[in-house]
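Only this structure's heavy atoms are used, side chains among them; waters, hydrogens and symmetry mates stay out.
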Amino acid sequence: MALFILRRLGVMVLTALCLTFIVFALTNLEPNLEKLAKNQANSRMTDEQVISWLDARGYNDPMLVKYGRWLGVVPHFTREEGGEVVFSRCANPGTSLEDAGSYCGILQGSWGWSTVFQNDVLEILAVRGNATAWLMLFVMMVMVPGALVLGVLAGMREGSKLDRSLSTISIGTTATPEYVSGVLFIAVFASATFGPNWFKGTATSAIDDITFANFTLPVLTIALYGMGYIARMTRASMTEVMTAQYIRTARLKGVSFPQIVLKHALRNALIAPFTVIMLQFPWLLNGVVIVETLFNYKGFGWTLVQAAGNNDIDLLLGVSIISVVVVLVTQLISDIGYVFLNPRIRIA
Amino acid sequence: MTKLADHAGPILEIDALSISFFTRLREIPAVMDFSVTVQPGEAVGLVGESGCGKSTVALGVMQDLGKNGAVVGGSIKFKGRDLGQMSEEELRDIRGNEIAMIYQEPMASLNPAMRIGKQLMEVPILHDGASEAEAYDMALQVVTDVKLPDPKRMLDSYPHQLSGGQQQRIVIAMALMSKPALLILDEPTTALDVTVEAGIVELVKDLGKKYGTSMLFISHNLGLVLETCDRVCVMYSGEAVEDGAIGEVFDNMRHPYTQALFRSIPLPGADKNSRPLVAIPGNFPLPHERPPGCNFGPRCDYFEAGRCDSGVIPMRDAGPGHHSRCVKFDEIDWNAPIAAPAETSKREIGAPVLKVENLKKYYQVAANALFGGGAEKVVKANETLDFEARESETLAIVGESGCGKSTLAKVLMGLETATDGTITMGNADIQSTPIEGRSTKQVADIQMVFQNPFDTLNPSMTVGRQIIRALEVFDYGKSDADRRERMLHLLDLVKLPRAFADRMPRQLSGGQKQRVGIARAFAGDAKIVVADEPVSALDVSVQAAVTDLLMEIQRDQKTTLLFISHDLSIVRYLSDRVMVMYLGHVVELGTTDQVFAPPYHPYTEALLSAVPIADTSVQKKHIVLEGDIPSAMNPPSGCPFQTRCRWKDRVPGGLCEKDVPPVRHLDGGHQVKCHLSDADLAAMEPVIEVGEAPPAAAAQAGVTSM
Ligand SMILES: Nc1ncnc2c1ncn2[C@@H]1O[C@H](COP(=O)(O)OP(=O)(O)OP(=O)(O)O)[C@@H](O)[C@H]1O
Ligand code: SF4
Ligand code: SF4
Ligand SMILES: [Mg+2]
């Protein structure tokens, strides 16, 4: 098992490197850099001025070198004038040139400086990520049990009335994108003009204090969307298991229907959806972006929107690293969980 | 224990039972007017071809016909109580407690994600309110009863960690946990190898006796029914056509279908030249296409228009406890000899066309396929094979699962290349030429007929087109017209109407598809045809026809036939020489007579004894092998058969465990791979002895497998 995890970790690191390189290369393309220069220095710079500005900060070096620096495996760019270091990328505003080390990449924990928020990227990500983690936690708590119960109930008697109504519901929720359901929820549950005003239409206050009123709608919006999909998968898996011969064996042993579902069918039926749930994580990030913007919840997705909108390269890169890691870790968990649930795959 | 009160009468009484399945298109009457009774302690066999409704009867008894099935007539009484009138709760108390069922696929009937122990313990906990500890003790007891090694570890295992035979023992143990009054076995051994099957059958018989359980034994194998049952009921197309005591039905049959069934089975005495099998003409009718009157009418030799096809034919008494559903059974002369078939001359066996020397095929497999890593293991699928095959000869290759039969076929065909040794065909060595590297001639010369006709034909291409494609591959003929002409000839050759050229495979029955497969194999005038279990996927009534066809073409074309099979009766019937394989080794090789008579290799001896024979006059020596076939992944040291051999202690000095025995050459080219001394070999007794046959059975005595 240890060996298996180690191998998977190795593959993971490699994948992470490739993905971040792609993102890094994309954000460091010519037009982006030009925008950056004009943004930071002077929006009326001539083309030559832009080039020299970029040159002076090492932006025009080869992509691989830049990537190495950013990672923290290549010493960072410094400019010397007359043997004296006059510029170091490692020096954030406020630190003196002498204090700045020569390596300052992701590995050293310096994730760069956000131009939008005028703060250290790592710090921003910590705060925002934490906010989103809470959101996700609640989403999972609602979505996973909900979806599994829905799927199992629908799948245990294929074609029954219960199955058909539950299946309709799950198809409905998956077919409704978050921006539609979110707007609908706000209109129905959070406006005085139209129905009950139970919940708040904004989740801004939830950053400091999560309450039932301010968090229910964003959580539901994301959860419902993912729930339908997982429920469908669970249902498919459950109906298949229910027609298996060993279920008939159990029935002909005299096991009662609820016992058959709980003791014989459930574990077998959960093997397939478990993977799906884990793979659902990355998709949730999608919904997070929409919902956080919609409900003005200043989390990870909201940060991503801000960073992208303002060409904040360091922040954008930071966000992508976190996303890549989240995706890869969920994959790993899904693989390990699969092995755990399925006794047929046991590692010697 | 909560059981129904004892009942003086029969355990199970099925009376005029009719069961239908309701599909969107139509009602499918799967079982009609079916009656049978099972007395306490009695074993009743239910035989018939696939689709005749055997399993439906069993599920009807369990009242588990699914959403679309329903009992539409008659009654099923268990210990005098009508199962159809019981509530769901009452039924639950009976299922697994008083009536237990065992079915064909042991792996599929065990929950893959639950430990064996838990699955077993569930029964007493459910029905007797036993505590965990009591249930565990009971489980341990039954697992010991079904003779599984290391019961404690067994209880702790998951189903996939057990072999097929062990799984089936667990399923039997589970059925016996609550000492049921009635045990229903639906083809309990079909998925197993013959030697393993023999062990399971013996176990079921012993346990039945020990616990006094009544049994309903469903099988398509007449021989197996003879070995296990007291009475038998023959089914055809949803109806019982004949029932009675085993001896009565086997020796004094009173229904033409039963007779035809016995005649299509190869006999121990007759051979392919003097008495070919008599195939039942035509095909089995689908439930919604049954003819009026007698279902067997269109295929019956004694059919009489006006009598057989008008009105419902009832079951009638044909002696004490013997019934037949035939209007003419008291007019037919049951002792008439079989219409003498044209005796065909034995063909001359020519020069060797295929020579295999010292052939080895090893597979490298990662110890853990899914996660990679770990030490690589070597599976020795074929170990030093040495044989030759001659022109117009049938060489049978027999052995159980995993013995390397199909690997050999693949290497011969060029689908795999040999690890070592040579294969000489004509005058070229082909052991390391994959099929892409072979010349058109070489490809056309060695062709194959596959086991399953259902997935070797392209479903979206007409039959004629597929044969023409084969001809194109073999570069046959100059023009399309040439090839079309040849294709029509090939259809004639395999006795399919020429109109079939334009049909799609799905419009053909299994036997017809297999004929197309045969036509394709012979398209390029193959010199050697490898037939890998060519009839085992077909119904018994069709098997005989396909086998005969294969023989006939071989006779005309002087083809060398390598006939791969696990079915010794058919092998005995049609082959000139037999090669017995075990775990990749050829353990015995000789003419059919040499192999089927002593001296045997100890494995051949056990194999012969394990084959069920549907003949009341045959006396068989009872040799049941211990345990399962070892995995080819870690074969035993020394002789491959030493883990199960009953002669092992005759060999001094533990030689069997140390050294792989050398090939011994006995008289007349007979080869045996065994350490036994000449004296021991000479002292072996025959396993099968055909005794005095009762008059009617003389014509149909036979080794069976349907
Ligand atoms: N659920 C079902 N729906 C429709 N038809 C069915 C269903 N189950 C069985 N049948 C039909 O009922 C007939 C009897 O089937 P059954 O399974 O009892 O045959 P069998 O004798 O057990 O065959 P085998 O030897 O292949 O097991 C067949 O024609 C089959 O197609
Ligand atoms: S009733 Fe007629 S057709 Fe049917 S089995 Fe008897 S003789 Fe043959
Ligand atoms: S060599 Fe020994 S173990 Fe092998 S078959 Fe002969 S007697 Fe049995
Ligand atoms: Mg069946």
Side-chain angles (χ1 to χ4, degrees), chain A residues 1-11 156-161 163 237-272 274 332 335-348, chain B residues 2 58-59 61-64 66-68 88-115 118-120 122-127 157-161 170-171 174-175 177-178 180 184 186 367-375:
Chain A
M1 191 73 188
L3 192 73
F4 160 68
I5 295 178
L6 258 160
R7 288 166 64 101
R8 292 307 305 245
L9 279 175
V11 173
M156 66 188 192
R157 288 190 207 270
E158 193 184 6
S160 64
K161 256 196 206 106
D163 176 21
S237 164
M238 186 71 187
T239 49
E240 195 189 310
V241 167
M242 286 307 283
T243 56
Q245 271 218 22
Y246 56 84
I247 295 297
R248 191 209 273 171
T249 308
R251 208 164 54 227
L252 298 190
K253 258 199 290 196
V255 184
S256 66
F257 188 77
Q259 286 293 311
I260 287 180
V261 171
L262 291 176
K263 278 174 73 180
H264 289 268
L266 209 56
R267 179 165 169 193
N268 287 298
L270 288 188
I271 294 173
F274 179 78
L332 182 71
D335 286 349
I336 295 174
Y338 189 77
V339 171
F340 185 73
L341 277 174
N342 191 346
R344 269 171 289 191
I345 307 171
R346 271 287 144 87
I347 295 127
Chain B
T2 49
L59 291 175
V61 173
M62 294 310 269
Q63 296 286 318
D64 188 64
K67 275 197 300 270
N68 65 340
E88 192 55 34
E89 207 146 315
E90 286 172 304
L91 282 175
R92 258 209 319 272
D93 280 343
I94 285 188
R95 291 177 183 154
N97 183 22
E98 303 226 45
I99 311 180
M101 186 162 169
I102 296 170
Y103 11 53
Q104 186 166 343
E105 292 278 322
M107 182 67 198
S109 36
L110 291 171
N111 186 340
M114 208 191 230
R115 287 181 202 279
K118 261 187 99 180
Q119 302 193 40
L120 288 175
E122 207 175 25
V123 179
I125 291 179
L126 213 62
H127 294 294
S157 321
Y158 283 100
H160 70 277
Q161 294 164 326
I170 291 293
V171 174
M174 193 150 77
M177 276 305 279
S178 61
I184 302 176
D186 190 354
N368 195 319
L370 186 70
F371 298 104

Are the side chains of B/Glu88 and A/Phe257 in contact, using a 4.5 Å heavy-atom criterion?
no

For B/Leu59 and A/Arg248, work out which heavy atoms get closest and say how close.
CD1-NH2, 3.9 Å

Structural part of A/Arg251 lying under 4.5 Å from a heavy atom of chain B:
both

Could you tell me which portion of B/Ala100 (side chain, backbone, both or neither) has an atom closer than 4.5 angstrom to a non-hydrogen atom of chain A?
neither

Give a yes or no on whether the backbone of A/Thr249 and the side-chain of B/Ser109 come within a donor-acceptor separation of less than 3.5 Å.
no

Which of the residues B/Val123, B/Val171, B/Asn111, B/Ile99 is involved in the greatest number of heavy-atom pairs with chain A at under 4.5 angstrom?
B/Asn111

Heavy atoms, side chains only, cut-off 4.5 Å: are A/Lys263 and B/Glu122 in contact?
yes

Measure across B/Ala113 and A/Asn268 and return the closest heavy-atom pair with its distance rounded to 0.1 Å.
CB-OD1, 3.3 Å

Could you report the tightest heavy-atom contact between A/Tyr246 and B/Pro112, atom names first, then the distance?
CE2-CD, 3.3 Å

To the nearest 0.5 angstrom, please state how far the CE atom of B/Met62 sits from the CG atom of A/Leu252.
4.0 Å

Would you mind checking which part of B/Lys67 comes under 4.5 Å of any heavy atom in chain A, side chain (CB onward), backbone (N, CA, C, O), both or neither?
side chain

Please evaluate residues B/Met114 and A/Arg267 with respect to the criterion side-chain contact (heavy atoms from CB on, under 4.5 Å), reporting the C-alpha separation (whole Å), side-chain torsions for both, the decisive distance (0.1 Å), and the verdict.
CA-CA 9 Å; B/Met114 208 191 230; A/Arg267 179 165 169 193; over 6 Å; no

Which atoms of A/Val255 approach chain B - backbone, side chain, both or neither, heavy atom under 4.5 Å:
both

Give a yes or no on this: more than 12 heavy atoms of other residues, nucleotides or ligands lie within 6.0 Å of atom CD of A/Gln245.
yes

Checking heavy atoms, do the side chain of A/Ser256, its backbone, both or neither come under 4.5 Å from chain B?
both

So which heavy atom on A/Lys253 is nearest to which on B/Leu126, and how close?
O-CD2, 3.8 Å

Pairs of heavy atoms under 4.5 Å with chain A: top-ranked of B/Asp64, B/Leu110, B/Leu91:
B/Asp64

